[in-house]
J.: 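Submitted below is the structure of interest, expressed as structure tokens.
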Amino acid sequence: SPEIADRIFSCTTCMSCTNACPLGVQTVELVEAVRGAMAKQGKLPDVHKLIARTLREKANPYAQDPSERLATLPKPLKETAARRAGALADTLLFFGCVASLADMRIAPATIELMEAAGQDYTTQGPEEVCCGYISHLMGDEETFAANAKAQLARFEAMGVKRLVTPCAGCAKTFRDLYAPYVPAGLSGWQALHVVEYLAQCVDAGTLQFTKPVTQKVAYHDPCDLGRH
């Protein structure tokens, strides 16, 4: 029924209920299974059908042209991103759709930190496409699997050994959801959230704090990192 469908697709899959459940019921697994069954039967809500079509046509959920990725970057950083695009490097900086198209702060901060750490990295520039996490969340596993295989083939052709992303959803997707599709050529590759990667840089001494921080700072740990 529409009422049940609305409840199933209203779940954010944050896993808060699973963490609080004394019996450890895997609610997210149940929700994802029901969504998958509904997707196979063509019973996705209309708004999700629209998102699915947008992902197929524009390779992002915002219906924006791929050429607009990182268009909001300040000019100096836009030049840095353009210089890095397509360069040969072991590390791929994958921005994700939110940082590329919807948020004006994440991508600049990430680039500045990577540059400050003196890291050699490459990007896909406007060729970057959605990781597919949204397709998975909607239960459209057929589209997700096809996208995962295509993405991994691109990464393999680029010689990527490590992927770094500022998006928690992308990090979870590449690290966990892509696992069944990783080809032999990418065996041993890593997918890291930028916070994890920068922590490694701090430990290695390549990223150093130059000013004292006298504030108390609370880090908001995304659900896709902290619970999944």
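Please read all numbers here as calculations on a predicted model, not as lab measurements.
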J.: Taking R35 for its side chain and I8 for its backbone only, find out whether a donor-acceptor pair lies under 3.5 Å.
T.: yes
J.: Between T206 (side chain only) and C201 (backbone N and O only), is there a donor and an acceptor less than 3.5 Å apart?
T.: yes
J.: If you take all heavy atoms of L73 and P108, which pair is closest and at what distance?
T.: CD2-CG, 3.6 Å
J.: For side-chain contact (heavy atoms from CB on, under 4.5 Å), just list the numbers for L92 and R162, CA-CA rounded to whole Å, side-chain angles, deciding distance to a tenth of an Å, and then say yes or no.
T.: CA-CA 6 Å; L92 168 65; R162 183 187 304 105; over 6 Å; no
J.: Is there a path from L225 to V98 through hydrophobic residues (I, L, V, M, F, W, Y) whose side chains come within less than 4.5 Å of each other?
T.: no
J.: Heavy-atom count check: over 12 atoms from other residues, nucleotides or ligands less than 6.0 Å from Y219 OH?
T.: yes
J.: For the pair E57 (side chain) and L55 (backbone), establish whether a donor and an acceptor sit closer than 3.5 Å, ignoring hydrogens and angles.
T.: no
J.: What residues form a ring pair (Phe, Tyr, Trp, His ring centres under 6.0 Å) with Y121, not counting sequence neighbours?
T.: none
J.: Tell me whether L192 shares a hydrophobic cluster with L93, the cluster being built from Ile, Leu, Val, Met, Phe, Trp, Tyr side chains joined at under 4.5 Å.
T.: yes
J.: Taking 4.0 angstrom as the limit, do R84 and D120 come out as a salt bridge?
T.: yes
J.: Distance-only, no hydrogens or angles: does the K172 side chain make a donor-acceptor pair with backbone N or O of L177 under 3.5 Å?
T.: no
J.: Is the backbone N or O of M38 less than 3.5 Å from a side-chain atom of Q41, with the two atoms forming a donor-acceptor pair by type?
T.: no
J.: Could I get the full list of ring pair (Phe, Tyr, Trp, His ring centres under 6.0 Å) partners for H193, not counting sequence neighbours?
T.: none
J.: Which residues, ordered by chain and number, are linked to L30 in its hydrophobic cluster, where ILVMFWY side chains connect at heavy-atom gaps below 4.5 Å, directly or through other members?
T.: L23, V25
J.: Is it true that atom CZ of R105 has more than 12 heavy atoms of other residues, nucleotides or ligands lying nearer than 6.0 Å?
T.: no
J.: Say whether V194 and I106 are linked into one hydrophobic cluster, either directly or through other cluster members, by side-chain heavy-atom distances under 4.5 angstrom.
T.: no
J.: Not counting sequence neighbours, which residues clear side-chain hydrogen bond (donor to acceptor under 3.5 Å, both in side chains) with E141? List them please.
T.: H136
J.: So, S135 side chain and D140 main chain: donor-acceptor pair closer than 3.5 Å or not?
T.: no
J.: Could you tell me which non-hydrogen atom of M138 sits nearest to which non-hydrogen atom of A39, and how far apart they are?
T.: O-CB, 4.2 Å
J.: Begin with the C-alpha distance, continue with both residues' side-chain angles, and end with the deciding distance and a verdict on side-chain contact (heavy atoms from CB on, under 4.5 Å) for T91 and T122.
T.: CA-CA 6 Å; T91 300; T122 186; over 6 Å; no
J.: Strictly distance-based, threshold 3.5 Å: is any side-chain N or O of D65 a donor or acceptor partner for the main-chain N or O of K58?
T.: no
J.: How close do C130 and N60 get, counting heavy atoms only, and between which atoms?
T.: CB-CA, 4.3 Å
J.: Of the non-hydrogen atoms in R69 and G125, which two are nearest, and what is the gap between them?
T.: CD-O, 4.2 Å
J.: Which residues satisfy the side-chain hydrogen bond (donor to acceptor under 3.5 Å, both in side chains) test with R7, sequence neighbours excluded?
T.: none
J.: Are Y133 and F144 an aromatic pair by the rule of ring centers under 6.0 Å?
T.: no
J.: L163, L186: one ILVMFWY side-chain cluster at the under-4.5 Å cut-off?
T.: yes
J.: Hydrophobic cluster membership, with links at side-chain heavy-atom distances under 4.5 Å among I/L/V/M/F/W/Y: are F95 and I134 in one?
T.: no
J.: For L50, what are the other residues in its hydrophobic cluster, where any two members join if their side-chain heavy atoms are less than 4.5 angstrom apart?
T.: none
J.: Any luck finding a side-chain donor-acceptor pair between Q151 and Y181 under 3.5 Å?
T.: no
J.: Taking atom CD as the centre, does E68 end up with more than 12 heavy-atom neighbours from other residues, nucleotides or ligands that are less than 6.0 angstrom away?
T.: yes
J.: Do the charged groups of R154 and E128 touch, with an N to O distance under 4.0 Å?
T.: no
